[in-house]
Number of protein chains: 2
Amino acid sequence: MPDTTQKNDEKKKSGKPGKVVRGERYEIRFSGSGGHGVILAAVMMSEAAGRNPKLNVIQTQSYGPEARGGSSKADVVISKETIYYPKAMKLEMLLAFTQEACDKYYTDLKPNGLLVVDSNMVTKLPIKNSFGFSFIRIAREQVGHPMVANVIALGAMAALTGLVSRDDLKEVIKTRAPRGTEEKNLKAVKIGFDLGLKALKEKIG
Amino acid sequence: MPDTTQKNDEKKKSGKPGKVVRGERYEIRFSGSGGHGVILAAVMMSEAAGRNPKLNVIQTQSYGPEARGGSSKADVVISKETIYYPKAMKLEMLLAFTQEACDKYYTDLKPNGLLVVDSNMVTKLPIKNSFGFSFIRIAREQVGHPMVANVIALGAMAALTGLVSRDDLKEVIKTRAPRGTEEKNLKAVKIGFDLGLKALKEKIG
């Protein structure tokens with residue numbers, strides 16, 4: 001259940017959640033701070049998207065002075081075409097686990113790009129086109145482990161993009177989740193995917 | 001102990017292991033097949049290199065038709081300058097866990113770039129400038145777990161580049177290793193770093 005949902009009725013050329021890529025770049029950023037597991041979420045999203053034979057995917061992270069600060073980010077670029085330039089430039093979708101990451105990166109969203117936040121961590125929403133979910137709280141309460149918040153968010157983001165199937169996501173979780181945590185992560189991704197679908201349905205109306 | 005070491009006495013402008021970056025790009029690829037943990041090794045290498053305030057680092061992986069096949073790869077680009085183009089183009093160093101990955105990627109090495117292989121998996125060396133280590137066997141025999149072969153390889157690669165300190169590597173292992181496996185991974189990275197240093201010393205003479 002999204003805690004915060006703003007409708008945006010304007011017809012969008014792009015940036016509309018659930019839309020498939022039409023030969024264009026589709027850029028997604030996962031951001032938070034060190035412990036949020038944003039790289040693993042981005043790797044899983046990329047691998048799941050890459051299982052679709054029509055899609056090319058590049059996943060990137062930066063380190064060093066360019067990337068300093070408390071925020072951590074991992075980018076995914078998806079396209080039906082060969083991706084020559086792998087850096088994300090105009091985001092279709094941004095996930096932010098912290099207010100700092102949100103404030104730092106929301107300006108990289110396309111006009112009408114979608115902001116997805118942990119609604120307990122990010123309380124000041126800088127743009128209207130956003131969804132808030134209590135990822136960390138849900139991870140603790142429904143899976144018994146706050147560490148799987150990244151995989152709940154991954155599920156929600158995957159559903160919101162419409163680019164990644166539930167089955168591909170499950171296959172990737174089975175191979176990428178740390179040994180012994182597969183079941184918890186499968187539960188987490190299911191919860192997230194369902195949250196994303198529900199939010200999308202409410203938004204589209 | 002390197003099982004295979006070929007000396008290359010030619011003076012190299014670049015591609016020389018142990019040399020620091022001089023404002024140029026330093027590109028490293030980790031390759032193998034699905035289960036070898038090459039992405040995690042590349043993420044750890046990048047994060048450790050990024051702890052050096054003088055270095056910028058971008059870490060990338062590709063999925064989809066472009067990247068199809070049984071091989072898995074993860075690239076790291078390191079530079080003292082801002083990295084505008086994050087795709088690896090001319091590798092300074094290539095790690096290959098399988099013959100297939102070796103055969104597929106060695107042509108991406110710079111002239112005099114260094115090939116590092118698991119010597120039990122890669123038996124046909126396509127170039128002379130190479131080191132072979134029994135990463136998987138050592139992981140099993142000395143750490144009790146073949147899964148840490150990636151971290152032994154990471155340690156060796158880090159030592160061979162000369163770009164990443166042992167301490168930075170240890171700090172990253174502590175935060176990135178799957179929970180409960182920190183000690184095994186710290187042991188693995190130490191074994192690898194020592195192997196790399198020893199091989200480098202023998203090579204430089």
Side-chain angles (χ1 to χ4, degrees), chain A residues 21 33-35 37-40 42-68 72-89 145 147 163-164 168 171-172 174-181 184-185, chain B residues 21 33-35 37-40 42-68 72-89 145 147 163-164 168 171-172 174-181 184-185:
Chain A
V21 180
S33 66
V38 297
I39 296 178
L40 184 57
V43 166
M44 287 173 165
M45 168 76 94
S46 302
E47 206 166 312
R51 292 172 68 92
N52 178 337
K54 290 184 186 160
L55 301 179
N56 293 285
V57 187
I58 293 192
Q59 195 280 310
T60 308
Q61 38 269 342
S62 308
Y63 305 85
E66 261 196 281
R68 287 247 186 280
S72 163
K73 73 173 164 72
D75 290 346
V76 179
V77 177
I78 303 175
S79 174
K80 280 187 177 168
E81 317 295 331
T82 301
I83 299 165
Y84 293 104
Y85 192 77
K87 272 193 183 177
M89 296 168 295
H145 211 311
M147 292 290 286
L163 296 177
V164 176
D168 284 337
E171 286 307 309
V172 169
K174 284 180 195 166
T175 60
R176 288 269 165 224
R179 202 170 279 220
T181 68
K184 278 191 172 146
N185 279 290
Chain B
V21 181
S33 67
V38 296
I39 296 178
L40 183 57
V43 165
M44 287 172 164
M45 168 76 94
S46 302
E47 207 167 311
R51 290 173 69 92
N52 178 337
K54 290 183 184 160
L55 300 179
N56 292 285
V57 188
I58 294 193
Q59 195 280 312
T60 308
Q61 37 269 339
S62 307
Y63 304 86
E66 261 196 280
R68 286 250 186 279
S72 163
K73 73 173 164 74
D75 291 345
V76 180
V77 178
I78 302 176
S79 174
K80 280 189 177 166
E81 318 295 330
T82 301
I83 300 165
Y84 293 104
Y85 192 78
K87 274 194 184 178
M89 295 169 296
H145 211 311
M147 292 290 286
L163 297 176
V164 176
D168 283 338
E171 285 308 308
V172 170
K174 284 179 195 166
T175 60
R176 288 270 166 223
R179 202 170 280 221
T181 68
K184 279 189 171 147
N185 279 291

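Protein chains get the first letters and strands the later ones, always in sequence-line order, with residue 1 at the start of each.
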**Student:** Should A:Gln61 and B:Val43 count as side-chain neighbours, where that means a heavy-atom distance under 4.5 Å?
**Tutor:**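 When only atoms from C-beta onward are counted, B:Val43 and A:Gln61 do touch, with a gap below 4.5 Å.
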**Student:** Could you tell me which portion of B:Asp75 (side chain, backbone, both or neither) has an atom closer than 4.5 angstrom to a non-hydrogen atom of chain A?
**Tutor:**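 The answer is neither part of B:Asp75.
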**Student:** Can you list the residues that meet the side-chain hydrogen bond (donor to acceptor under 3.5 Å, both in side chains) rule with A:Lys54, with sequence neighbours excluded?
**Tutor:**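 Not a single residue meets the side-chain hydrogen bond (donor to acceptor under 3.5 Å, both in side chains) criterion with A:Lys54.
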**Student:** Please classify the contact between B:Arg176 and chain A as side chain, backbone, both or neither, with a heavy-atom cut-off of under 4.5 Å.
**Tutor:**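 Side chain only.
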**Student:** Rounded to the nearest 0.5 Å, how far does CD1 of B:Ile39 lie from CG of A:Leu40?
**Tutor:**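 The CG atom of A:Leu40 sits 9.5 Å away from the CD1 atom of B:Ile39.
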**Student:** Among B:Gly180, B:Ala74, B:Pro178, B:Pro86, which has the most heavy-atom pairs under 4.5 Å with chain A?
**Tutor:**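 Between B:Gly180, B:Ala74, B:Pro178, B:Pro86, the count favours B:Pro86.
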**Student:** Hey, could you give me the OH/CD1 distance between A:Tyr63 and B:Ile58, rounded to the nearest 0.5 Å?
**Tutor:**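 CD1 of B:Ile58 is found 10.5 Å from OH of A:Tyr63.
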**Student:** Report the residues that fulfil side-chain hydrogen bond (donor to acceptor under 3.5 Å, both in side chains) with A:Ser72, sequence neighbours left out, ordered by chain and then residue number.
**Tutor:**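 Once residues adjacent in sequence are excluded, A:Ser72 has no partner under the side-chain hydrogen bond (donor to acceptor under 3.5 Å, both in side chains) criterion.
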**Student:** Out of curiosity, B:Lys87 NZ to A:Tyr85 OH, how far, rounded to the nearest 0.5 Å?
**Tutor:**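 It is 11.5 Å, given to the nearest 0.5 Å.
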